[in-house]
Each structure stands twice: as structure tokens, then as C-alpha cells.
Amino acid sequence: MQLYIWRHPKPKQVQGLCFGQHEVMVDRRKLKRLAHQILRFVRVNQLPKRIWVSPLQRSKQVGEYLAAQGFECHVDAQLLETHFGAWEGRLWSDISKDEIDQWCEHFADFTPPGGESLRQLFERVAAWIEQQKQTQAELNIDAATTHARLSPKHQVVTHQTVLHQAVLHQAVLVVGHAGWISSAKFIQQGQQPPTQAAHWPRSVGHGQLSCFKF
């Protein structure tokens, strides 16, 4: 499975704000710009017009613009950003130093009140990836079965078509979130969630495309 995932556009007025699953505003022009960027990428690479998004508006609205261009748009809560619980919507400077220190020192397993830990995020990301891999495998089996039922004459004609369809089935396109994307990268590399914050990578840029093969 080939996963193409774009980080959502940059939100407005979020300087110093903790906003994992907290809704924040994004300029409509930036939403449309990313949608057009994805549309061009799909056309150039002849990929399926099918996009997965999270329920958060900074991801979902990109999918809605693409749906208006003929895309299938799937909304999935497993694609949500990390849930920071009671920290959501607060300024980082208003969260106690003791809590921040605990989080940094026990980065994989610390859970903000009412939120989720990094390890739980990893489990959620891994479950979604496995679900998609299973779906792609089933689609490829269906395509191969259809090909096998054809007469030898038709098999020759349709072989390239079946191969092309198999490639299309393996492509999964997502508009996602920084924490989710970083987690997917760790999982692809066979790594566990880091135990200290210092080992967490810099977030990918807003609107940036990341490609992973699973």
C-alpha cells in the first residue's frame, strides 16, 4: 500500500495554543489551494479520486472541496490528531510546568487528563494502516479473480488494465495532521513511540506531502 498524506493548511491565530483535536480556523483560500494541489497530483499520477480526511474542519473542508471535483470523500475519526484532553484549547504557557515536565520525561505513556498518550495514538494509527492494507489486499484479489475468469484472448487484452487497477487500489490519499503523520513514519520504520520528547521529530510543514509504503 502506498500512502500519500498531506498535512492540513496552516490555521489562523493559534500561536502558543494547544490544539490537538480542538477546532481552529483556516483561511478558505488555503483550503482551496491545498485541494487544487492534491487534484493536480492525482491527475498527473493517474491516481484514484478518493480522499480520506479526519472530522476536524482543517482536514475535512479540504475533502469537501475535492468532493465538489468528483472525489469520493471518506471521513474517519481514526485520522484525528492527538487528543490532549483538558489541555485542548489552552495556551501552552497556562499548562503547569510540572505537567509539561512529566509529559516530556514520559513521552510515550503520559496522558493529559481526559486525553490520550502517544502510545495510544500509535495504536490508532497502526490500526488504521492495517485496516487499509487489508482493504487493498481484498480489492487486488477481486481484480485478479475477475482476470482469471476471462478467456485467454480477453486476458491478454485486459492484463495491463488489471495491473493498472491494482496499482490504483494500492494508493491511499489522506489529508491529515502532524502528530498522526510523524507516528506513521515511526511505524513504517518499525520503531516504537519515543520515550522522551527530545526524540520526537520536527513536524512536517503545512500542506506538505509525505509518502509512505506499507
Side-chain angles (χ1 to χ4, degrees), residues 1-83 88-89 121 124-125 128-129 131-133 135-136 139-140 143 160-161 163-188 201-214:
M1 181 186 81
Q2 188 72 38
L3 176 61
Y4 300 95
I5 181 166
W6 289 261
R7 187 183 179 190
H8 62 80
K10 185 176 182 179
K12 298 190 293 185
Q13 300 176 341
V14 294
Q15 185 67 33
L17 186 71
C18 176
F19 61 98
Q21 294 186 15
H22 182 71
E23 288 286 12
V24 291
M25 298 296 294
V26 177
D27 189 300
R28 287 189 175 275
R29 290 171 297 180
K30 292 182 179 180
L31 294 166
K32 289 182 179 179
R33 191 176 302 131
L34 179 55
H36 290 153
Q37 177 184 331
I38 295 170
L39 180 59
R40 286 194 300 272
F41 182 85
V42 166
R43 285 174 174 169
V44 169
N45 293 281
Q46 297 184 316
L47 296 175
K49 284 182 145 186
R50 185 170 57 246
I51 193 79
W52 293 82
V53 298
S54 86
L56 295 172
Q57 293 302 309
R58 56 190 184 270
S59 169
K60 184 180 177 182
Q61 288 183 339
V62 178
E64 290 172 349
Y65 280 119
L66 288 169
Q69 298 297 320
F71 276 64
E72 293 178 24
C73 181
H74 301 272
V75 182
D76 195 329
Q78 285 185 294
L79 296 171
L80 283 165
E81 180 60 288
T82 310
H83 185 19
E88 293 278 358
L121 172 62
R124 174 155 59 83
V125 174
W128 189 87
I129 290 169
Q131 177 184 333
Q132 291 299 314
K133 286 169 60 179
T135 299
Q136 307 314 312
L139 289 170
N140 289 338
Q160 291 299 323
T161 300
L163 288 177
H164 180 62
Q165 288 298 319
V167 171
L168 290 183
H169 288 325
Q170 291 173 0
V172 179
L173 285 66
V174 177
V175 178
H177 304 275
W180 203 103
I181 295 169
S182 294
S183 298
K185 184 175 182 179
F186 271 85
I187 292 168
Q188 183 205 36
R202 181 187 297 273
S203 297
V204 298
H206 292 96
Q208 181 177 329
L209 170 63
S210 299
C211 304
F212 304 116
K213 188 169 186 177
F214 293 98

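Predicted model, so just to flag it, every value in this text is computed and none were measured.
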Taking all heavy atoms of His22 and all of Arg58, pick out the closest pair and write down the distance.
-> O-NH1, 2.9 Å
Side chain to side chain donor-acceptor pair (under 3.5 Å) involving Arg29 - partner list, sequence neighbours excluded | Asp27
So, Glu23 side chain and Gln57 main chain: donor-acceptor pair closer than 3.5 Å or not?
-> yes
Within a strict 4.5 Å, meaning less than it, do heavy atoms of the Phe214 and Gln132 side chains meet?
-> no
Grab the two heavy atoms, one from Ile129 and one from Ala184, that are nearest each other, plus how far apart they are.
-> CD1-CB, 4.4 Å
Could you pull out all residues at least two apart from Trp128 that satisfy side chain to side chain donor-acceptor pair (under 3.5 Å)?
-> Asp76
Evaluation steps, side-chain hydrogen bond (donor to acceptor under 3.5 Å, both in side chains), between His177 and Ser59 | CA-CA 8 Å; His177 304 275; Ser59 169; 4.5 Å; no
For Leu47 and Ala171, which heavy atoms make the closest approach, and how far apart are they?
-> CD2-CB, 3.9 Å
Rounded to the nearest 0.5 angstrom, the CD-CG distance for Gln208 and Leu34 is 11.5 Å
Give a yes or no answer on whether the side chain of Gln21 reaches the backbone of Glu81 with a donor-acceptor pair at less than 3.5 Å.
-> yes
Do you know which two heavy atoms are closest between Val26 and Lys12, and how far apart they sit?
-> C-CE, 4.4 Å
Minimal heavy-atom distance between Val175 and His8, with the atoms involved, is CG1-CA, 4.2 Å
His74 vs Glu72, side-chain hydrogen bond (donor to acceptor under 3.5 Å, both in side chains): CA-CA, chis, key distance, verdict | CA-CA 7 Å; His74 301 272; Glu72 293 178 24; 3.2 Å; yes
NE2 of His206 to CZ of Arg7: how many Å apart, nearest 0.5 Å?
-> 3.5 Å
Would the number of heavy atoms belonging to other residues, nucleotides or ligands and lying under 6.0 Å from NZ of Lys49 be above 12?
-> yes
Could you tell me whether the side chain of Glu88 reaches within less than 4.5 Å of the side chain of His83, counting heavy atoms only?
-> yes
Nearest heavy-atom neighbours spanning Leu121 and Gly179 = CD2-O, 3.8 Å
Where do Leu66 and Cys73 land on the side-chain contact (heavy atoms from CB on, under 4.5 Å) test, with the steps shown first?
-> CA-CA 8 Å; Leu66 288 169; Cys73 181; over 6 Å; no
Verdict with reasoning, Ile51 to Val174, per side-chain contact (heavy atoms from CB on, under 4.5 Å) | CA-CA 6 Å; Ile51 193 79; Val174 177; 5.7 Å; no
Taking Trp180 for the side chain and Gln78 for the main chain, is one N or O donor matched with an acceptor at less than 3.5 Å?
-> yes
Worked verdict on Tyr65 versus Phe71 for ring-ring contact (aromatic ring centres under 6.0 Å, His included) = CA-CA 9 Å; Tyr65 280 119; Phe71 276 64; over 10 Å; no
Hey, mind stepping through Gln2 and Tyr4 against side-chain contact (heavy atoms from CB on, under 4.5 Å) and telling me if it holds?
-> CA-CA 7 Å; Gln2 188 72 38; Tyr4 300 95; 3.4 Å; yes
Take Ser183 and Arg124 through the side-chain contact (heavy atoms from CB on, under 4.5 Å) test and state the conclusion after the steps.
-> CA-CA 10 Å; Ser183 298; Arg124 174 155 59 83; over 6 Å; no
